[in-house]
There are 2 protein chains.
Amino acid sequence: MTTDTNWRSPCPISTSLEIFGDKWTLILLRDMFNGKTKYGEFLQSPERITTNILATRLATMTRHGIAQKQLYQSNPKRYEYILTDKGKGLHPILVSMCHWGNEHYPDTWIAPAHFMEKV
Amino acid sequence: MTTDTNWRSPCPISTSLEIFGDKWTLILLRDMFNGKTKYGEFLQSPERITTNILATRLATMTRHGIAQKQLYQSNPKRYEYILTDKGKGLHPILVSMCHWGNEHYPDTWIAPAHFMEKV
DNA sequence: AGAGTCACTTGTATTTTGCAATTCACTATT
DNA sequence: AATAGTGAATTGCAAAATACAAGTGACTCT
């Protein structure tokens, strides 16, 4: 993980946005909270991330220390991406987003309880 | 407010991201929570949003119903942008982001109590 | 050897964001 | 009346991010 220090400002909201303020990072976080860990699994999600974006997002998330690349099979070598504690710390943000989304966009899915209540 | 219905997916997180998942909307939200309402005031923030982006973001936020354009002076006509209830509902997300940012990026500002505790 | 699988990488088009300069509607001053 | 000033944008173009389609590399299995 490289520690950027050229933030737009020292505001924690602004700094946070520089880490995960794009269209995909929080979607991948959601998938990881739901147990997905592998490249191929992330590709299956309904938002249909493309392969190049997925690769760069996973690399950036790893660099920022919110996910970690880990060997889970050695023949052939295969890696999975798992949440770090720093990444898990983003859970309350996802939960708040679910609440807000469900409240203002009634056709959105209700997330399963195990997701909303995860520590 | 036009109601888009072509979301990437019915996931509330994904839908939320399509409303405020960019580099500026939540920054403007923060400023509004801190009492800023006018074009010129938003331009003063340390992240230095540019005039064209500011204009389009304010228009989009208005279209999505998270802010409202309101006449506050008639000669000459001047408008201010104020949060709607829907916009105010995003406050918990900003608070969570502050907590996470402060925890993982120690040089970030601690937000004033009136911000963190706002209903 | 050949086909298959998983995890990418590459090339190019499209979209979004950023930067600088300019415009518009109006007021205040000369 | 002409000029300058102010707040709120709009316009034109460059740069960066994202999207789409195809291809590659490392390995396994038949």
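Note that the structure is a prediction, hence the values are computed from the model and not measured. Numbered from 1 within each chain, the chains take letters A, B, ... in sequence-line order.
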Starting at [atom1] of [X] and ending at [atom2] of [N], how long is that distance when rounded to a whole Å?
{"X": "A:Gln44", "N": "C:dC6", "atom1": "CD", "atom2": "C1'", "value": "12 Å"}
{"X": "B:Asp22", "N": "C:dT15", "atom1": "CG", "atom2": "C1'", "value": "14 Å"}
{"X": "B:Ile53", "N": "D:dT11", "atom1": "CD1", "atom2": "P", "value": "15 Å"}
{"X": "A:Arg78", "N": "D:dT28", "atom1": "CZ", "atom2": "C1'", "value": "9 Å"}
{"X": "A:Arg57", "N": "C:dC8", "atom1": "CZ", "atom2": "C1'", "value": "16 Å"}
{"X": "B:Glu47", "N": "C:dT17", "atom1": "CD", "atom2": "P", "value": "16 Å"}
{"X": "A:Ile49", "N": "D:dA21", "atom1": "CD1", "atom2": "P", "value": "16 Å"}
{"X": "B:Tyr79", "N": "D:dG7", "atom1": "OH", "atom2": "P", "value": "17 Å"}

Looking only at side-chain N and O atoms, does [X] come under 4.0 Å of OP1 or OP2 in [N]?
{"X": "A:Lys69", "N": "C:dC8", "result": "yes"}
{"X": "B:Asn75", "N": "C:dT27", "result": "yes"}
{"X": "B:Trp24", "N": "C:dT16", "result": "no"}

Practice item. Return the nearest nucleotide to the side chain of B:Ala55; candidates are D:dA8, D:dA9, D:dC20. Key: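 For B:Ala55, the side-chain atoms sit closest to D:dA9.
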
Practice item. Please step through side chain to side chain donor-acceptor pair (under 3.5 Å) for the pair B:Lys23 and A:Ser14, ending with a clear verdict. Key: CA-CA 8 Å; B:Lys23 290 271 185 204; A:Ser14 176; over 6 Å; no

Check your understanding: Do the side chains of B:Phe115 and A:Ile13 get nearer than 4.5 Å, heavy atoms only?
Key -> yes

Practice item. Return yes if the base of C:dT9 and the side-chain atoms of A:Thr51 contain a donor-acceptor N/O pair under 3.5 Å, otherwise no. Key: yes

Practice item. Would you kindly compare B:Glu41 and B:Asn52 by the position of their nearest DNA chain D nucleotide and give the one closer to the 5′ end? Key: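 Residue closer to the 5' terminus by nearest nucleotide: B:Glu41.
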
Review point. How is B:Tyr81 classified with respect to the nucleic acid when contacts are heavy atoms under 4.0 Å: base, sugar-phosphate, or nothing?
Key: sugar-phosphate

Practice item. Test B:Arg30 against every option in B:Ile27, B:Leu26, B:Leu28 by the side chain to side chain contact (heavy atoms under 4.5 Å, CB included) rule and name the one that passes. Key: B:Ile27

Check your understanding: Is any NZ, NE, NH1 or NH2 atom of the basic residue among A:Lys36 and A:Glu80 found under 4.0 Å from an Asp or Glu carboxylate oxygen of the other?
Key -> no

Check your understanding: So, A:Thr84 and A:Gln68: side-chain donor and acceptor under 3.5 Å apart, yes or no?
Key -> no

